[in-house]
Amino acid sequence: MSDASAPAVDITVPHSARVWNYWLGGKDHYPVDREFGDRLYELLPEIVQIARQARAFLGRAVTYLAGEVGIRQFLDIGTGLPTADNTHEVAQRIAPDSRIVYVDHDPLVLVHARALLVGTPEGVTNYVDADVREPKKILQAARETLDFTRPIGLIMMGIMGNVADLDEAYAIVQELRDSLPAGSYLVFKDGTYAVMGEERADSIHDLHEHEKFPYHMRTPEQVARFLDGFALVEPGLVSTPLWRPAPSAEPPRAIDDLCGVGRKL
């Protein structure tokens with residue numbers, strides 16, 4: 001895609017990829033993203049920890065799939081802006097021939113992905129410009145890189161909170177799941193309000209709505225339904241710091257972010 005044909009970056013409203021990049025200490029964000037990030041931080045100081053723990057969980061999950069299970073294909077929907085230890089870096093560090101397809105729809109992500117998400121000579125790293133609400137488009141494009149007769153690791157990190165209608169969100173994941181062959185895996189995480197409580201969650205929801213930055217936190221039961229049709233890998237559906245944590249002097253504590261890794265039978 002040439003610069004002339006690329007959609008313009010809207011810097012008048014915050015965007016999830018740029019806000020998370022700000023919380024993760026990146027450089028790819030605008031004043032509107034930092035302002036929103038700071039306002040949400042005031043309501044939810046643990047959001048920076050949530051962002052960093054999500055990134056750490058992604059690394060552990062991809063390490064598990066590439067290292068212990070032998071997955072060599074990954075479809076990462078809702079890529080976000082490149083930071084350290086992206087999916088392809090973790091997977092190709094273990095298996096250089098891994099093939100990765102990233103999906104996002106923010107123009108800034110597109111520019112950075114094409115410049116920075118460069119894989120190994122033995123493997124493949126491609127990018128699809130699409131919204132999560134377009135599963136057919138995603139799957140059609142992914143099939144140009146991935147072999148859908150062989151197991152695939154589907155990565156969906158916090159992306160379904162952007163879909164307001166819960167039935168629509170479930171239908172999207174089901175369509176993606178149904179396209180995967182047996183032996184594939186889903187790496188999933190989404191925000192909850194089990195720890196913070198409903199009152200603080202309502203304030204955060206109001207801020208999202210006011211800033212036209214929709215994100216819908218789910219209950220643990222609602223998050224669990226996204227993994228229907230998958231056999232959960234131990235330790236099951238847990239807070240991100242609790243999923244196979246690295247040895248630490250201090251035991252990890254639960255935060256408002258649930259995750260799980262499931263295998264399609």
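- V32 approaches R18 most closely through the heavy-atom pair CG1-NH2, 4.2 Å.
- In this structure, the side chains of H29 and V19 stay at 4.5 Å or more apart for every pair of heavy atoms.
- Applying the side chain to side chain donor-acceptor pair (under 3.5 Å) criterion to D38, with sequence neighbours excluded, gives Y22.
- Contact check for V163 versus H216: no side-chain heavy atoms found under the 4.5 Å cut-off.
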Run the numbers on Q92 and D97 for side-chain contact (heavy atoms from CB on, under 4.5 Å), then give the verdict.
-> CA-CA 7 Å; Q92 291 179 347; D97 61 337; over 6 Å; no
Would T219 and T192 satisfy side-chain contact (heavy atoms from CB on, under 4.5 Å), going step by step from the backbone distance to the final call?
-> CA-CA 6 Å; T219 67; T192 72; over 6 Å; no
Check step by step if side-chain contact (heavy atoms from CB on, under 4.5 Å) holds for D85 and R93.
-> CA-CA 10 Å; D85 283 339; R93 193 180 301 141; 2.6 Å; yes
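- Using a distance-only test at 3.5 Å, with no hydrogens or angles considered, no donor-acceptor pair links the side chain of N126 to the main chain of V101.
- Residues satisfying the side chain to side chain contact (heavy atoms under 4.5 Å, CB included) test with A141, not counting sequence neighbours, are V128.
- Within the 4.5 Å cutoff, the side chain of Y127 has heavy atoms near those of the D104 side chain.
- One distance of note links CG of D256 with CE of M217; it measures 7.5 Å at 0.5 Å rounding.
- Taking the side chain to side chain donor-acceptor pair (under 3.5 Å) definition, one finds that D178 meets it with nothing, sequence neighbours left out.
- In plain terms, the two heavy atoms of H105 and D129 that are nearest each other are CA-OD1, 3.4 Å.
- For Y170, the ring-ring contact (aromatic ring centres under 6.0 Å, His included) partners two or more places apart in sequence, or in a different chain, are F226.
- A pairwise comparison of heavy atoms in S179 and F148 identifies O-CD2, 3.4 Å as the closest pair.
- Listed by first and then second residue, the salt bridge (charged side-chain N to carboxylate O under 4.0 Å, His left out) pairs involving residues 143-171 amount to none (not counting sequence neighbours).
- Taking 4.5 Å as the limit, every side-chain heavy atom of T87 sits out of range of all side-chain heavy atoms of E89.
- Applying the salt bridge (charged side-chain N to carboxylate O under 4.0 Å, His left out) test to K136 and every residue at least two apart in sequence or in another chain returns E175.
- Distance OG1/T79 to CD1/I100: 11.0 Å, rounded to 0.5 Å.
- For I77, the side chain to side chain contact (heavy atoms under 4.5 Å, CB included) partners are L75, V103, V132, I138, L154, L176, not counting sequence neighbours.
- Atoms CG and OH, from D76 and Y102 in turn, are 6.0 Å apart once rounded to the nearest 0.5 Å.
- Using modelled atom types, no side-chain atom of Y41 and backbone atom of E46 make a donor-acceptor pair closer than 3.5 Å.
- Considering CZ of R253 and OG of S239, their distance stands at 12.0 Å, rounded to 0.5 Å.
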Show me the donor-acceptor pairs within less than 3.5 Å that the side chains of residues 56-68 make with the rest of the protein, sequence neighbours left out.
| from | atom 1 | to | atom 2 | distance (Å) |
| --- | --- | --- | --- | --- |
| R60 | NE | W243 | O | 2.8 |
| R60 | NE | R244 | O | 3.2 |
| R60 | NH2 | T240 | O | 2.8 |
| R60 | NH2 | W243 | O | 3.0 |
| T63 | OG1 | G59 | O | 2.7 |

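- Judged as a side chain to side chain contact (heavy atoms under 4.5 Å, CB included), and not counting sequence neighbours, the contacts of P31 are R34, E35.
- With sequence neighbours excluded, the residues forming a side chain to side chain contact (heavy atoms under 4.5 Å, CB included) with P151 are I71, S184, listed by chain and number.
- Partners of R52 by salt bridge (charged side-chain N to carboxylate O under 4.0 Å, His left out), not counting sequence neighbours: none found.
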Start with the C-alpha gap between R225 and V223, add the side-chain angles, then the distance that decides, and say whether side-chain contact (heavy atoms from CB on, under 4.5 Å) holds.
-> CA-CA 5 Å; R225 275 195 58 191; V223 175; over 6 Å; no
Enumerate donor-acceptor pairs with a distance under 3.5 Å from any side-chain N or O in residues 257-265 to protein atoms, sequence neighbours excluded.
| from | atom 1 | to | atom 2 | distance (Å) |
| --- | --- | --- | --- | --- |
| D257 | OD1 | K189 | NZ | 3.1 |
| D257 | OD1 | G191 | N | 3.4 |
| D257 | OD2 | K189 | NZ | 2.9 |
| K264 | NZ | R177 | O | 2.8 |
| K264 | NZ | L180 | O | 2.5 |

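- In this structure, the separation between CG on L40 and CD1 on I47 is 5.0 Å, given to the nearest 0.5 Å.
- Taking CZ of R99 as the reference point, atom OG1 of T145 lies at 6.5 Å (rounded to 0.5 Å).
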